[in-house]
Amino acid sequence: MSDESRSGASAATEDDFRYRGNRLGLPESGTGSVPGVIRRLVGLALDWGIAAMLVWVAVNLGLIGQELAAAAAAGGDEEALALTNFTALSTLVVFAAMNILLLTLFGTTIGRRIVGVGITATGERSWPWFVSMTVRTVLLCLVIPAVVYDRDTRGLHDRAAGTVASRY
């Protein structure tokens with residue numbers, strides 16, 4: 001094997017991955033770097049908790065689900081299950097709406113901001129920011145695209161939207 005073909009083969013097998021985000025031009029640490037999975041999961045859990053709290057308050061104030069809450073209070077497993085399903089779906093809708101709105105306006109959500117994570121565009125898509133955030137959020141709510149990720153810890157939802165999570 002000649003030196004040219006050997007160097008070409010090694011260059012093809014060589015990967016330019018050194019740390020999370022270097023292939024996207026992001027720094028290794030500090031502001032603008034890709035945060036770890038735990039930090040992002042904590043932000044996600046905080047956002048979900050805020051959405052659940054908003055739904056709980058709305059149900060208890062009688063703003064939504066009045067009939068279901070009254071039926072569940074009167075008793076019966078079916079009514080209690082219906083209320084549980086209603087609040088779970090309502091929480092998902094509030095979570096999605098919160099994400100789309102806050103990410104579009106501020107590039108972060110309340111939970112992500114608390115843990116120091118924002119969402120930035122990578123330049124892979126020429127979509128308007130609102131469309132990117134809507135695609136990202138819908139795929140995030142489907143869960144599976146969010147848990148399948150690459151070495152840069154970009155989930156399929158981020159890759160589809162042309163975004164990356166970055167630290168503040």
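In what follows, every heavy atom counts, from backbone to side chain, and hydrogens, waters and symmetry copies are set aside.
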Transitive ILVMFWY side-chain link Ile144 to Leu139, under 4.5 Å
no
Show your reasoning for whether side-chain contact (heavy atoms from CB on, under 4.5 Å) applies to Arg112 and Ile119.
CA-CA 9 Å; Arg112 284 184 184 92; Ile119 305 299; 4.2 Å; yes
In terms of hydrophobic clusters joined by side-chain contacts under 4.5 Å, are Phe106 and Ile114 together?
yes
Those residues that, when tested against Leu54, pass side-chain contact (heavy atoms from CB on, under 4.5 Å) (two or more places apart):
Ile50, Val94, Met98
If you draw a 6.0 Å radius around CH2 in Trp127, do more than 12 non-hydrogen atoms from other residues or ligands fall strictly inside?
yes
Closest non-hydrogen atom pair, Thr87 against Val55
O-CG1, 3.9 Å
Could you check whether any side-chain N or O of Arg39 sits under 3.5 Å from a backbone N or O of Val117, counting only pairs where one atom can act as donor and the other as acceptor?
no
Identify the heavy atoms of Pro35 and Thr153 that sit nearest to each other, and give their distance.
O-OG1, 4.1 Å
Over 12 foreign heavy atoms within 6.0 Å of CZ, Phe86:
yes
Heavy-atom closest contact (Leu83 atom, Ala72 atom, distance):
CD2-CB, 3.8 Å
Asn85 side, atom CG; Ser90 side, atom OG - distance, nearest 0.5 Å:
10.5 Å
ILVMFWY cluster, Val148 and Val138 together (side-chain gap under 4.5 Å)
no
For Gly162 and Glu124 the tightest heavy-atom approach is CA-OE1, 3.5 Å
When you look at Thr163 and Trp129, which way does the side-chain contact (heavy atoms from CB on, under 4.5 Å) test go after all the steps?
CA-CA 10 Å; Thr163 59; Trp129 187 244; 4.1 Å; yes
Any side-chain heavy-atom pair from Phe95 and Leu140 closer than 4.5 angstrom?
yes
Between Leu102 and Arg113, is there a side-chain heavy-atom distance shorter than 4.5 Å?
no
Under the side-chain contact (heavy atoms from CB on, under 4.5 Å) criterion, do Arg125 and Val135 qualify, and how do the steps go?
CA-CA 12 Å; Arg125 304 279 181 270; Val135 167; over 6 Å; no
Roughly how far, to the nearest 0.5 Å, is the CZ atom of Phe130 from the CG atom of Leu103?
11.5 Å
Note: Gly111 and Asp47 closest approach over all heavy atoms is N-OD1, 2.6 Å
Check the pair Trp48 / Leu44 against side-chain contact (heavy atoms from CB on, under 4.5 Å), numbers first and verdict last.
CA-CA 6 Å; Trp48 187 265; Leu44 179 72; 5.7 Å; no
Using every non-hydrogen atom in the two residues, find where Ser166 and Thr120 come nearest and quote the distance to one decimal.
OG-CG2, 3.5 Å
For Arg159, what residues pass the salt bridge (charged side-chain N to carboxylate O under 4.0 Å, His left out) criterion, not counting sequence neighbours?
Asp150
For Arg167, check side chain to side chain donor-acceptor pair (under 3.5 Å) against everything at least two apart and list the hits.
none
Value rounded to 0.5 Å, distance of CG in Leu142 from NE2 in His157
11.0 Å
Does atom CG of Asn60 have more than 12 heavy-atom neighbours from other groups under 6.0 Å away?
yes
Nearest 0.5 Å please: distance from the CZ atom of Arg136 over to the OG1 atom of Thr104.
11.0 Å
Indicate, with yes or no, if Leu63 and Trp56 share a hydrophobic cluster defined by side-chain heavy-atom contacts under 4.5 Å among Ile, Leu, Val, Met, Phe, Trp and Tyr.
yes
Supply the atom-to-atom distance Leu101 CG to Thr134 OG1, rounded to the nearest 0.5 angstrom.
10.5 Å
